[in-house]
Amino acid sequence: MLPPPESSVRRSSFVLATGIVLIGANLRAPITVLGPVLTDIQTTLHLDGAAAGLLNALPLLLFAVLSLIAPGIGRRYGLERILAAALGAILVGTLLRSLWLPAGLWIGTILLSAGIAFGNVLLPGLVKRDFPDRAAGMIGLYAAAMAGMAGLSAGLAVPIARLPFADWRWSLGAWALLSLVTLIVWLPQTRRQQRQFAAASSSTPAVSPWRHPIGWQVSLFFALHSLVFYAIVDWFASYVGEAGVSAGTAGVYLLAYQVVAVATNLGSASLIRRFADQRLLGFVCGVCLLVGTAGLLVWPDLSLPWLIAAGLGAGIAMVTSLSLFALRTRDHHQAGALSGMAQFIGYAGAATGPLLVGVLHDATGGWTAPMTLLIVASALVIVFATLAGRDRTI
């Protein structure tokens, strides 16, 4: 049997890469859209600070729990099919939480978060398998799409909610269109490459990341930078609101935060391929996060430059930590195992960020304690990112 023409192979690879980038675009936007309209949601649904913190933390808790089972389900049923099912869950959940239904906000959040959890874990393994020589570049592209759409959703949340015919439910539901388009683009992949994955899935990781120091270093790096990222996205508008910054301006600042992160995503992907290891990148991202969080505490009325510094750190941290799933492993099965471990520990830790911010703010009546938490987490990023950045494999 003759091999397919080279043009056909290139076209198939381009379609697959496009699908991966589109899936990445769906993995944060439904979450980051919540922060700028959280005050409106609290007013409408009568949520106190603890309940709002739980709403923010719920996706991260689900990311953590489902990260444990996602690699096994992907191996059993095929990465492409499970990713299609994940997109369907994101689509239905996004629609459901924007409807005037009892508990629709909570049920929809659970459903879309489950879909995002599978996408989080399975995409790095898919990239490691299908783009072994370009894994860092592909991860950089889909991370950039992820950050870009996250920033766009945060920036557009308040303007959409303020339209004459709309409210916060429109801001949440608008992102169902992106999920629908992505699902349509991805569905053809469910009829292809299943045999290839099944044939390769008989092997298992030689060493479990749970029993290796690299696994813990990568996981704690992921946990700490995720804690800072989600706490800023979820609570920034409320924090600077008490300093006199309007909700609309806070949304624009968050958009700038994400734009900087996107640009840094793309730049970091190129640097990862050029450096012998990722220690310098890990150190720099931690320092940027530390400068940003400390600045927000000391000078909240000058929040834009501090968000830009934090955006630089977030962009470097996201691409570097995702790339480490492939760079610190020997094959795509081991990459999936490390991805599952790191995202379980990472999101379990990150989930405490928004929740603790809400609880600490309610308990102290101020923002010093919550912001100090983010400063300490940023300092620890420097430590674990530098350790994880050493050129070693599990």
Side-chain angles (χ1 to χ4, degrees), residues 28 57 59-68 70-71 117 120-121 124-125 136 139 143 205 207-234 261 268 272 277-294 310 312-329 334-357 370-394:
R28 292 297 180 273
L60 306 181
L61 294 171
L62 287 168
F63 293 173
V65 172
L66 295 179
S67 292
L68 293 175
N120 285 337
V121 175
I139 288 173
V207 179
S208 169
W210 291 91
R211 297 193 296 269
H212 200 287
I214 293 176
W216 288 97
Q217 291 158 10
V218 172
S219 298
L220 290 172
F221 171 29
F222 193 89
L224 291 162
H225 86 72
S226 297
L227 185 155
V228 175
F229 173 83
Y230 283 103
I232 289 176
V233 167
D234 290 338
S268 299
I272 286 172
D277 59 38
Q278 292 74 47
R279 286 177 295 176
L280 179 59
L281 288 173
F283 178 80
V284 170
C285 77
V287 170
C288 289
L289 290 173
L290 183 59
V291 170
T293 52
L312 289 170
I316 298 171
M318 178 56 70
V319 173
T320 303
S321 60
L322 290 176
S323 298
L324 291 177
F325 300 160
L327 294 172
R328 296 293 170 265
T329 54
Q334 204 173 49
L338 178 57
S339 176
M341 173 189 175
Q343 298 199 53
F344 168 71
I345 294 173
Y347 286 119
T352 65
L355 182 59
L356 281 176
V357 167
M371 293 306 300
T372 301
L373 171 69
L374 301 189
I375 291 170
V376 172
S378 299
L380 290 174
V381 167
I382 298 174
V383 176
F384 289 104
T386 304
L387 290 173
R390 293 174 293 174
D391 185 15
R392 301 181 302 162
T393 56
I394 295 175

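Just so you know, residue 1 is the first one in the sequence shown, and it goes up from there.
Checking each of Ile316, Val381, Leu312 against Leu289 for a side-chain contact (heavy atoms from CB on, under 4.5 Å) leaves exactly one that passes, namely Val381.
Residues passing the side chain to side chain donor-acceptor pair (under 3.5 Å) test with Ser219, sequence neighbours excluded: none. For Arg279, the salt bridge (Lys or Arg N to Asp or Glu O under 4.0 Å) test picks out Asp277, with sequence neighbours left out. The side chain to side chain donor-acceptor pair (under 3.5 Å) check on Asp391 picks up nothing, with sequence neighbours excluded. The ring-ring contact (aromatic ring centres under 6.0 Å, His included) test applied to Tyr347 returns Phe63, Phe222, not counting sequence neighbours. Not counting sequence neighbours, Thr320 has no partner by the side chain to side chain donor-acceptor pair (under 3.5 Å) test.
At a threshold of 4.5 Å between non-hydrogen side-chain atoms, the residues Ser321 and His225 count as touching. When side chains are defined from C-beta on, Thr393 does not count as touching Thr329, because their heavy atoms never get closer than 4.5 Å.
Rounding to the nearest 0.5 Å places NE2 of His212 at 6.5 Å from CZ of Arg392. Considering CG of Leu338 and CH2 of Trp210, their distance stands at 10.5 Å, rounded to 0.5 Å. Summarising the geometry, atom CG belonging to Leu374 is positioned 11.0 Å from atom CG belonging to Leu224; distances are rounded to the nearest 0.5 Å. In this structure, the separation between CG on Leu227 and CG on Leu373 is 5.5 Å, given to the nearest 0.5 Å.
Residue Ala231 comes nearest to Gly353 through the heavy atom pair CB-C, 4.4 Å, listed as atom of the first residue, atom of the second, then distance. Between Pro124 and Phe325, the shortest heavy-atom contact is CG-CD1, 3.8 Å. A pairwise comparison of heavy atoms in Ala117 and Leu62 identifies CB-O, 4.0 Å as the closest pair. Thr293 and Leu290 get closest at one heavy-atom pair: OG1-O, 3.3 Å.
For Ser226 (side chain) and Ala223 (main-chain N/O), no donor-acceptor pair under 3.5 Å exists by modelled atom type. For Gln278 (side chain) and Ala388 (main-chain N/O), no donor-acceptor pair under 3.5 Å exists by modelled atom type. In this structure, Arg328 contributes its side chain and Arg390 its backbone to a donor-acceptor pair below 3.5 Å.
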Report all side-chain donor-acceptor pairs from residues 339-346 shorter than 3.5 Å, counting only partners two or more places apart or in another chain.
{"from": "Ser339", "atom 1": "OG", "to": "Val121", "atom 2": "O", "distance (Å)": "3.0"}
{"from": "Ser339", "atom 1": "OG", "to": "Gln343", "atom 2": "NE2", "distance (Å)": "2.9"}
{"from": "Gln343", "atom 1": "NE2", "to": "Asn120", "atom 2": "O", "distance (Å)": "2.7"}

